[in-house]
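Take a look at the structure set out below.
Labels below follow one simple rule: chain letters A, B, ... track the order of the sequence lines, proteins then strands, and each chain is numbered from 1.
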Amino acid sequence: MPGGDFIRDIIANDLKSGRINSVVARFPPEPNGYLHIGHAKSICLNFGIAEEFSGRCHLRFDDTNPTREEQEYIDAIEADVRWLGFDWGKHLYHASDYFERLYGWAEDLIRKSLAYVDDQTQDEMRAARGTLTEPGRNSPFRDRTVEENLDLFRRMKSGEFPNGARVLRAKIDMASGNINLRDPVLYRILHATHPRTGTAWSIYPSYDYAHGQSDAIEGVTHSICTLEFEDHRPLYDWFLDHLPVPSRPRQYEFARLNLTYTVLSKRVLTELVRGGHVKGWDDPRMPTLAGLRRRGVPPSAIRDFIKRIGVAKANSVVDAGVLDFSIREVLNKTALRRMAVLRPLKVVIENYPEGQSEELDAVNHPDDPAAGTRKVRFGRELYIEQDDFMENPPKKFFRLSPGTEVRLRYAYFITCREVVKNAAGEVIELRCTYDPATKGGNAPDGRKVKATMHWVSAKHAVPAEIRLYNPLFNSASPDAGNFAADLNPNSLEVLADARVEPALAGLNSAEPVQFERQGYFAPDPDSTPDHLVFNRTVGLRDSFAKVVGKP
RNA sequence: UGGGGGAUAGUUCAACGGUAGAACAUCGGACUCUGACUCCGAGAAUCUUGGUUCGAAUCCAGGUCCCCCAGCCA
């Protein structure tokens, strides 16, 4: 029996003890924004449990607030869950599917004198709710007759009253230490158009009133949510205790995901989009599933990441580097290798005949011979990476500098003979010589070089735009209340004049490739045959960067 | 000074009265036609004070610190 965390332990025990025969879970998003990596934790947990224990997992939209929910989000959520690799089969539900039943149960509560219509204003209700340390006061409308309550509630439903005029409240305990039990609101008047039910309803159930009963209707056995709902559980149970529900779900809570250098709050993410701080929900800097997808992150990497971080009840912040690790872990095995020069520096091979060029063999994946080989063009004029040359190198610099010899991958050894500078003193060109005997990359005399560098032929390479992404925030734990102050102005870096090997022009999938020695890059949807655009999914580990103290 | 939760390496998670373990990160080293990958190695933790016990991260009591709750949001 699979175990691994306290939730799975509970389920395993429930199955073993016979309390349940099979597990039914659910992922219950509210369609008021896009899914992010924090939701991925919940999705992997709920759908993962269903898979592991041979149960099922429902996708249920918690669509009880038409003032913030939109069809666009509904569609995006379904697409994202599928993309992540999960299937709810025929079990697609909406809390709004149950509006009729929930309404009937509300009348039941009224008949049992367990609910009443309150005419207090919002301010009055707030004032009467008490504080964390003082009990609240009963509403003056708390003891209306069943008949009056029923009449008022029906008129609320028929749309007779304006927004905010009245609410239906549970009659529980205004003195409870748990504020959720101080006569919580069950229904509020909302004259709004619902994405699914249109204008059929002018009252809508609250989350607390809808969630547990929806679970019960669907036969959910384990209703897994995040920690902030822990003190809603007594209320969740109260409804199930007092209503003729068809099953008895149980709620369990786990700690939501937090990631360094990012914010996983739908409110903040929405503001980032609406405020134009990013280009949309799928901006590759966003921690949304849509953004990660656009950046080139494979869904299996996200699943691997979620597996690594575990599930527990302690609040925690996961190092964003763990996600990077998972991405590299997946991509290293699958991504084809290519050469691309991000910041080109021209190299002229003085002893290579003018006008000549040749094709050399390059492997597509060093650990997978089945991936085959391709040809790369070599010529007299090349581009190498600006970072791969230093005129006055420090001790541990193994790459090209005046007089040193390096290998150009799959090609030849070259030696730097001369440095050409412009009027400003910047290096604009290198004059080098090559050793024809080292064709393919090995010296017959057995001599070694300390560096192998990537390169492209100046004549044959294709121009490309490369987008590098850095964390959206400068702070490891941005203040969600004032996130603008922590925004990283350099989260997007565009390299407009990169050169890539021609094989990249014909890339026909959105799968990332590895630009050797640099990282994993995926074509952006903006990319066209005339204007290639690549997103850096994640960089390669770079231990040399630490040596030279690069950021 | 209400109610509900939580504290184990730098980080995240295990250990369910019987040798505190893993992953990421860090630091060494090997290998290498990617300063990648891979491999080997190292340092690094039970919030605190008592108690129970042959034996406590685990059970009990007190304390400390952290998080959540006063929406007609979810």
Treat a base pair as Watson-Crick or G-U wobble with both distances under 3.5 Å, then lay out RNA chain B in dot-bracket form, 5' to 3', with | for cross-strand pairs.
.((((((..((((....[..)))).(((((.......)))))....(((((..]....))))))))))).....
Using the C1' atom as the point on both nucleotides, what is the distance between rA20(B) and rG29(B), in whole Å?
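Their C1' atoms lie roughly 28 Å apart.
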If the C1' atom of rA57(B) is compared with that of rU8(B), how far apart are they to the nearest Å?
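Comparing C1' positions in rA57(B) and rU8(B) gives a spacing of 7 Å.
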Write down the protein N/O and nucleotide N/O pairs, taken from nucleotides 23-27 of chain B, whose separation is under 3.5 Å; answer none if there are no such pairs.
from, atom 1, to, atom 2, distance (Å)
rA23(B), O2', R308(A), NH1, 3.0
rU26(B), OP1, K546(A), NZ, 2.9

Contacts of type salt bridge (charged side-chain N to carboxylate O under 4.0 Å, His left out), residue [X], not counting sequence neighbours:
X       : value
R267(A) : E271(A)
D435(A) : R447(A)
R308(A) : D304(A), E329(A)
R250(A) : none

Which residues in [range] have a heavy atom closer than 4.0 Å to any atom of RNA chain B?
range                       : answer
residues 162-176 of chain A : G164(A), V167(A)
residues 332-343 of chain A : N332(A), R337(A)
residues 182-192 of chain A : V185(A), R188(A)

Close N/O contacts between protein and nucleotides 63-70 of chain B (under 3.5 Å):
from, atom 1, to, atom 2, distance (Å)
rC67(B), O2', N315(A), ND2, 3.1
rA70(B), O2', R129(A), NE, 3.2

For a quick check, tell me whether the side chain of D9(A) and the base of rC16(B) share a donor-acceptor pair closer than 3.5 Å.
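Side chain to base: pair found, below 3.5 Å.
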Determine whether any donor atom in the side chain of Q518(A) lies under 3.5 Å from an acceptor atom in the base of rU34(B), or the reverse, and answer yes or no.
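Per atom types, no contact qualifies.
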What residues form a side-chain hydrogen bond (donor to acceptor under 3.5 Å, both in side chains) with Y261(A), not counting sequence neighbours?
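So Y261(A) forms no side-chain hydrogen bond (donor to acceptor under 3.5 Å, both in side chains) with any residue.
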Provide a list of protein-nucleic acid N or O atom pairs under 3.5 angstrom, restricted to nucleotides 46-48 of chain B.
none

